Amino acid sequence: MQSNPDSMVTSALHDAHLRAALGISSDGMVCLDRSGGAVAWNKAATRLLAPAVDLVAGSHLAEAFVEVSVFEDLRARCMVGETVLAQRLDVSGNDGRRGPVLLTLVPLGDPGTTVLGCTVAIRDISEQTTGQEALAEGEARIRRAEALARTGTFVVNAADGSAQWSEGMYAIHGVDPATFIPSIKTHVALAGEADRAVLENLLARTLGGETLPAIDHRVAHADGTRSWVSIAVEPRRDIAGRVLGLSGVCQDVSARIESEAAVQQALERERQVTHELRQLDALKDEFLATASHELRTPLTSIMGFAALLSTTDERAELVEPIERNAREMHRLIEALLDQARLQSGERTMIPSRFALAPAIATLLTEHSELIDGRDVVLDIAEDAEIEMDREAFEIVLGNLVGNALKYSHNGSVTITAEVGDNDISVAVRDEGPGIAPSHLEHVFEPFYRAPGAALDAPGSGLGLAIVRRYVEKHGGTVICNSRVGAGTTFTLTVPWQSEDPKGS
Ligand code: ADP
């Protein structure tokens, strides 16, 4: 019989096509005979099965798989005419690793007659499996992170208000994923009653396409407890910009809100206490000012009459302590009034520039009873000037020189000055008992008197507090350096109030 040349070409093409297809396929293809021995195979099959078997004619494929008997069962099913689809088996590798593959077995032979063998298609799914494992691991990691940070994520479908929640969402809202069906409605119902409208409004407006700031709301749990959740949402859109729904993040912020509330309460308490203390302080200042003022008038008259008595009466000796004590009391009252005036801000400074040495000399003559024959050295350049409120200057220097004389029973008192470009410093140095370091930092506090021998001297503990207030009112500072047994130096520094230090 003459063969048809066209059909010969077609058949040759067909064979070539099959060979080419098999050659380039990444799936392995093995043809097995009735006894399961390999008859033909492609390159991909050799590569895929290589860790387990070297494919040669008659090789038994079952040995390539970890599950030998499972493969034999599949082949048996195929040999009775069944096409076995997509069965997962593992190719055993000699390094102990398993390569997952999908097997499809197709029976070979004329349909309805004896099966002559089968074709086994082997698909490598190791990459796919690794991808799925990585995905599962990533999801587990997100779940762990959500649990740790007490957060959850969710999406809402605009069409029907249905929602999908991550595990964290169920946890922070205290609902069971097995029974709770998430949707806008059920979500809003979980909020504390007072917050429902705000939450509903946030979700509705976001579904309307708005981007709004996050809000905090309460969650009412079934067991009666409450927690705080912060929720941030944004619209989800398709590429045309139409809103498909929204996506959101929730976080349990109960700990933050509770600690903020505690801080707020503590602040409120502190404000209350400060207010009460201020009121008490103002009351005390007012009392001091009134009492001192009321004491001044009778005392002035006591001092006046005592002075008269001491010159006219032969019992002058008896009158002297009255006069001395009255003077001391007068100083105390003046100091109290000064303190009260400074405290209330009533006393404003009017600085003027004057020569320093003559001003101190005048002060010393006015307080001659303090000097009482002691050696006071003025080591100040003749042209040195100072710029201060004159009365404040006299109170400041009077206190410092007075203390130096009062607390050092002997030795000299030296007053020096150093004129700088920006300021002037005046130092009052004595050779008295000194002040212990532990007391030094307190001597400027009102009513503080360092314990020890110095307490024998009269005083109220107000002088240095007043000195500091006056100096500070000029924008200056006053410091104390002292060594026990060696003496004390108080140094005040006041800046030039006007631009030109020379005052010209
Ligand atoms: P007062 O002299 O009325 O006690 P001050 O405020 O002037 O009050 O001084 C406070 C305290 O500082 C004094 O009680 C004293 O202990 C100590 N002090 C002040 N000046 C000297 C000084 N020059 N030498 C030693 N101690 C001093």
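The structure presented is a predicted model; accordingly, all values stated were derived computationally and were not measured. Atoms within a ligand are numbered from 1 in the order they appear, just like the ligands themselves.
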For residues 169-181, which residue pairs qualify under side chain to side chain donor-acceptor pair (under 3.5 Å), counting only residues two or more places apart or in two chains?
none
In Å and rounded to the nearest 0.5 Å, what is the CG to CD1 distance from Leu397 to Ile415?
6.0 Å
Could you give the distance from CG (Asp375) to OG1 (Thr414), rounded to the nearest 0.5 Å?
7.5 Å
Return the option from [options] holding the heavy atom at the smallest distance from [atom].
| atom | options | answer |
| --- | --- | --- |
| atom 26 (N) of ligand 1 | Val401, Leu332, Ile435 | Ile435 |
| atom 3 (O) of ligand 1 | Gly463, Ser460, Pro446, Pro458 | Ser460 |
| atom 5 (P) of ligand 1 | Leu464, Val428, Leu400, Leu440 | Leu464 |

With a 3.5 Å cut-off and no angle check, do the side chains of Ser227 and His221 form a donor-acceptor pair?
yes
Would you call the rings of Phe180 and Trp165 parallel, tilted or perpendicular, where under 30° means parallel and over 60° means perpendicular?
tilted
Need the ligand 1 atom indices (1-based, order shown) with element for anything under 4.0 Å from a heavy-atom of Ala450.
14 (O), 16 (O)
Looking only at heavy atoms of Gly432, does any of them come nearer than 4.0 Å to an atom of ligand 1?
no
Qualifying residues under ring pair (Phe, Tyr, Trp, His ring centres under 6.0 Å), relative to Phe393, sequence neighbours excluded:
Phe354
Asn399 versus ligand 1: do any nitrogen or oxygen atoms come within less than 3.5 Å of each other?
no
N/O of Phe490 under 3.5 Å from N/O of ligand 1, yes or no?
no
Looking only at heavy atoms, is any part of His439 under 4.0 Å from ligand 1, and if so is it the side chain, the backbone, or both, or is it neither?
neither
